[in-house]
Each structure stands twice: as structure tokens, then as C-alpha cells.
2 protein chains.
Amino acid sequence: MSEKLTLGVAARLSTYLRILTQSRKQGLQSISSQEISEYANVNPTQVRRDLSTFGKFGKRGVGYNVDSLLNQIQGILHTGGVHSLALVGAGNLGTAIVTSSIFKDHGFGIAAVFDRDPARIGEKVGDLIIEDAANIALRCKELGVVLGVLAVPPESAQWAADQLVAGGTKIIFNYTETLLSVPEDVTIHTINPAEEMLYALYFYLT
Amino acid sequence: MSEKLTLGVAARLSTYLRILTQSRKQGLQSISSQEISEYANVNPTQVRRDLSTFGKFGKRGVGYNVDSLLNQIQGILHTGGVHSLALVGAGNLGTAIVTSSIFKDHGFGIAAVFDRDPARIGEKVGDLIIEDAANIALRCKELGVVLGVLAVPPESAQWAADQLVAGGTKIIFNYTETLLSVPEDVTIHTINPAEEMLYALYFYLT
DNA sequence: CATTTTATGAGAAAGTGTTCACAAGTCGCC
DNA sequence: GGCGACTTGTGAACACTTTCTCATAAAATG
Ligand SMILES: NC(=O)c1ccc[n+]([C@@H]2O[C@H](COP(=O)([O-])OP(=O)(O)OC[C@H]3O[C@@H](n4cnc5c(N)ncnc54)[C@H](O)[C@@H]3O)[C@@H](O)[C@H]2O)c1
Ligand SMILES: NC(=O)c1ccc[n+]([C@@H]2O[C@H](COP(=O)([O-])OP(=O)(O)OC[C@H]3O[C@@H](n4cnc5c(N)ncnc54)[C@H](O)[C@@H]3O)[C@@H](O)[C@H]2O)c1
């Protein structure tokens, strides 16, 4: 029960969670393994296998109740609560992230936004006031954030990452192409759609 | 040799390609499996195993030549050329995508940008003129694009996807949270960092 | 109320993927 | 010119994943 999940299972459960969260938002009450599998690009048997490892969540002939399955998976992944994150860079991308509900829907609240540009510091973006990037480490410690998101130009990425690390951040999502060096206990997740495009194209061409 | 790659291998090779491309950009000439593995968050043996399936690209005691390994992997994935894509939505995110080199670095050129807002049509963003979203299907056919990127508000995503499909697009990258319905021969790739955040957090908490 | 349809849950087996451990090649330095 | 540090490539063991299959259960239909 409390054994550590493998990366594959945890990643797929997260995908199911994304699909369920959005299904609920769109008003759906019940969903079948078939439907989940289509949105997740996996085999329906795999969906059922992933879920049945942890209990019997579905009803034969009916499918899964969206709300209850959502709660179950949140329980398995221990991600029911609300988590704060720090965003560095309030340019085009940063603004898009703040004004989007893509993080909020999954319980991730943006606790602070930082920028270096004096003209932007103090401005409002969404509900937040842009803070001075010089205070990243200080403010991250104050806020106790563990998650950081980088939406700065590539040449500022390493500096910004260093500030986040100094502030105690352990997981950094990097939207830039820069390869970052961080201590062993910090994990970098790179968001680069071009990478996925490369293999999407491979399977299209083959 | 020409057998189809599994998803896992193709995905990792794409990751290596991203790392190598950026390493070259940063002036590196040689790289070890250890270094690649650190940036890719995998085991060094895995890197060597993935590569050695296709030939002996490295030099013992030295590592891999960045340029030559890059060409080899491009050969394996058949992605040496330049590919055009269509971008729908010229808001904050769309502008960030156009002005970023994240796609260009990997041979993806943005062929057209579309928006619905009459005030924005005709405006310049980067080197491109924003076109009327009413012409998506028409222009995609003209340009022969197979790749589409959605950076529109969630409520417009299905409509925009339909236009891309009508224009012959086969691979759609969806930055919105909307669950899209498309024909069987079209693949949707969802860009949602929150999903990855969920399991990143799981492994951090466990 | 019996029959048909739909969809889950799980056994079992085949298929893949991952990692260890180490032999072998390369380079620089003394 | 040989020694030591480094790094690749791979056999073999192990672990995990995926899929086929079908019994079982709920709901819909007539
Ligand atoms: N991965 C993706 O999907 C994706 C998509 C689009 C853009 N991008 C990347 O995102 C990054 C940002 O793009 P953008 O269009 O928002 O750029 P932008 O220039 O509009 O915004 C960058 C912001 O960062 C601020 N900044 C610069 N240095 C800083 C520092 N040291 N500390 C804090 N703030 C700093 C700038 O003042 C600016 O406001 C780029 O690297 C781009 O390549 C990634
Ligand atoms: N996945 C991620 O990493 C990520 C990050 C940030 C934002 N987002 C998402 O990206 C989307 C766009 O965000 P944004 O901040 O750029 O929004 P935005 O409002 O700034 O831009 C949206 C643009 O789309 C245009 N548009 C609306 N309907 C259209 C249609 N039918 N056809 C063509 N164009 C249309 C609008 O005119 C506008 O210019 C949102 O859905 C947001 O949630 C995703």
C-alpha cells in the first residue's frame, strides 16, 4: 500500500488526475477507462490495471465516478492539499502563467512573482504584485516555497535558479532552454515542447 | 536497424538531442554519458545502452563528440530537416513562443500565426504578421503544415483544433487545459506542467 | 423478468526495460 | 613508455510493464 510508486505509474496517475480535474470542470460525473485512455494516449487495460492496484474504484457496466476517483488518486499521490510556488520572470510567458488557471486547478498557488526590470517591479499581474528579483532567496524562505518556475530569458536562467536554490527551493520547472547546474537534492524539470515534437514527428513519419 | 523505436527510447533520444543541441550552443565539444544522464535525469548506463543499440558513437576514456552524436541521433529519429508549424493564438503565450528560439533551435519554423482579435490581425509579432483565424484551414493547406500549436483561451481550443484538423494538421500541441476531441489519425500532445509537478512533488514527499 | 450490452477486476504469460558489474580502449603525466 | 584515471560498450540478471483473456456485475432494453 505505502510502497513507493514507480516513475511510470506516478506519471500516468498524474495524467489521469489532469484528465479527471478537467472532466469535472466540464461537468462530467462518470468516466470509463476507455475514455480516460483516449485522452491519456494509453491502453484502456493499462488504466484499469493502474487503478486496480490500489482498490476497486469503478462500477462494472458503469465506469468510474469522476469525483471519487479524483479523491482516490489524490490520496495515492499525497497531493490533495494546496502548494505554493514562486515564479521568476513576469514577461510574456510569466504573465500567461499567472493569468492561466492551469496551475491553480491542480492545487498549485502562485505565492510570489519576481522580475528584475525596475519598471515592472510593483506592477500588478493578475492578483499579484511583481517583486524585486533581488529578494528571491529571502522571500522564498519567508514563504517556505519548495517549487519554483523559471520564465526568464535563457541568459538569466542560471542566476535565477541559484537564487531559488538559495531560498530553499527543491523542485524547479525550467521553461528556458538553458542547461542548469544545481545541487544534488534539487530536481530540474525542463518544459520544452520541441523535445516532444521531435518524437511525435518520428512516430508520424514512421 | 530500421525497426520502429519504442516510445521510451524515442523520448529519451529526443531528450539527449535537446541536451546536445544546447550544449553545442554553449560551446561544448565533448560530453560524457554521465553528464548527459545528469541533465536528462536518467541512469548513465541507460544513456550508453540507448546509444550503443545504434552503433559505437563514443570514445572510451573520452566521451562523445557533441556534433557527431547530434547528427547520429538526428539520423535515428529522421529529424534532421526543417519542419513548419502553425501557431494559433497571439496573446501572451503566443508572443512568448514566437519570440523564443526554443522551437527554432530544433528545426521547427513557425510558418504562420493566427488570432481572432481584429485589432491584432495584421500586427507584427517577431518576424511574422498575425493572420485571421478564419483562414486557418485554408492557409494550413497552402503551407502544408502538419504540426499545430494551440495558445488560445481554453474555451476557443476545440474550435481552433477543428480548424487545424480541417487544414490537414496531424499533430497538435495543446497548451490549454481543455480536453480535445479529434479524429483518430490526429495526435494531441498536452503541455501541462502541473501534471509533471504532481508527480515531482510525490517523489519529493516520499 | 429475462436478455443484451457495457465495463470493471484480476490471473497469467509474454514482452520490455533497466541496472549491475566488468572488460577493454583512450589519454595524459611522470 | 608505462601507470593511473577515466569512460565506453555489453553480457547477464533482475524488475517492471503491458496485454490477452474472461469471469463477474450493473444497467438498459423489450
Ligand atoms: N518552454 C516553453 O514552452 C516556452 C514557450 C515560450 C517561451 N519560452 C521561454 O521563456 C522565456 C521567457 O520568454 P518571454 O517571452 O516571457 O520573455 P520576456 O522577455 O517577455 O520576459 C522575460 C522577463 O524576465 C525578466 N528578467 C530578466 N532577467 C531576469 C532576472 N535575472 N530575474 C528576474 N527576472 C528577469 C525580464 O525583465 C522580463 O520581464 C524565454 O527563455 C523563452 O525562450 C518557453
Ligand atoms: N501549458 C502552459 O505551460 C501554459 C502556460 C501559460 C498559459 N497557458 C494557457 O495558454 C492559453 C493562452 O494564454 P495567454 O495568456 O496567451 O492568453 P491571452 O488571452 O493573452 O491570449 C489568447 C489569444 O488568443 C486569441 N484567441 C481567442 N480566441 C481565438 C480563436 N478562436 N482563434 C484564434 N485566436 C483566438 C485572443 O485574441 C488572444 O490574443 C490559456 O489557455 C492558458 O491557460 C498554458
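To find a chain, count down the sequence lines: A is the first, B the second, and so on, and within it residues start at 1.
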> How close do Gln158(A) and Leu179(A) get, heavy atom to heavy atom, and via which atoms?
Replying inline: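 For Gln158(A) and Leu179(A), the tightest heavy-atom pair comes out as OE1-O, 4.0 Å.
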
>> Quick check: closest heavy atoms across Ile191(A) and Ile102(B), and the distance to 0.1 Å?
In response: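 So the two residues come closest at O-CD1, 4.3 Å.
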
> Is there a donor on the side chain of Arg48(B) or the base of dT8(D) sitting less than 3.5 Å from an acceptor on the other?
Replying inline: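 Under the 3.5 Å cut-off, the side chain and the base do not form any donor-acceptor pair.
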
> Between the side-chain atoms of Arg60(B) and the base atoms of dT26(C), is any donor-acceptor pair under 3.5 Å?
Replying inline: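 Such a pair does not exist between side chain and base.
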
>> Measure CG/Leu69(A) against C1'/dG9(C) and give the value in whole Å, please.
In response: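 Whole-Å distance recorded here is 14 Å.
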
>> Enumerate the salt bridge (Lys or Arg N to Asp or Glu O under 4.0 Å) contacts for residues 189-206 of chain A, please, sequence neighbours excluded, ordered by first and then second residue.
In response: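 Sorted result for residues 189-206 of chain A: Glu195(A)-Arg18(B).
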
Could you list, one pair per line, each protein nitrogen or oxygen that sits under 3.5 Å from a nitrogen or oxygen of nucleotides 14-18 of chain D, together with the distance?
{"from": "dT17(D)", "atom 1": "OP1", "to": "Thr6(A)", "atom 2": "OG1", "distance (Å)": "2.8"}
{"from": "dT18(D)", "atom 1": "OP2", "to": "Arg12(A)", "atom 2": "NH1", "distance (Å)": "2.9"}
{"from": "dT18(D)", "atom 1": "OP2", "to": "Arg12(A)", "atom 2": "NH2", "distance (Å)": "3.2"}
{"from": "dT18(D)", "atom 1": "OP2", "to": "Gln46(A)", "atom 2": "OE1", "distance (Å)": "3.0"}
{"from": "dT18(D)", "atom 1": "OP2", "to": "Gln46(A)", "atom 2": "NE2", "distance (Å)": "2.4"}
{"from": "dT18(D)", "atom 1": "O5'", "to": "Gln46(A)", "atom 2": "OE1", "distance (Å)": "3.3"}

> Step by step, would you call Phe203(B) with Leu7(A) a side chain to side chain contact (heavy atoms under 4.5 Å, CB included)?
Replying inline: CA-CA 9 Å; Phe203(B) 288 109; Leu7(A) 181 65; 3.7 Å; yes

>> Measuring from the side chain of Ser32(B) (C-beta onward, heavy atoms only), which nucleotide among dT10(D), dG9(C), dT7(D) has the closest atom?
In response: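 Of the options given, the side chain of Ser32(B) lies nearest dT7(D).
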
> Between dA27(D), dT8(D), dG9(D), which one does the side chain of Lys56(B) approach most closely?
Replying inline: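 Among the listed nucleotides, the one closest to the side chain of Lys56(B) is dG9(D).
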
> Counting any heavy atom closer than 4.0 Å, what does Ser52(A) reach on the DNA or RNA strands: base, sugar-phosphate only, or nothing?
Replying inline: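 The answer is sugar-phosphate, as Ser52(A) gets under 4.0 Å only of primed atoms, P, OP1 or OP2.
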
>> When you measure from the side chain of Asn41(B) to the backbone of Ile188(A), do you find a donor-acceptor pair of N or O atoms at a distance under 3.5 Å?
In response: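 Yes, the answer is positive, given that a donor and an acceptor are paired below the 3.5 Å cut-off.
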
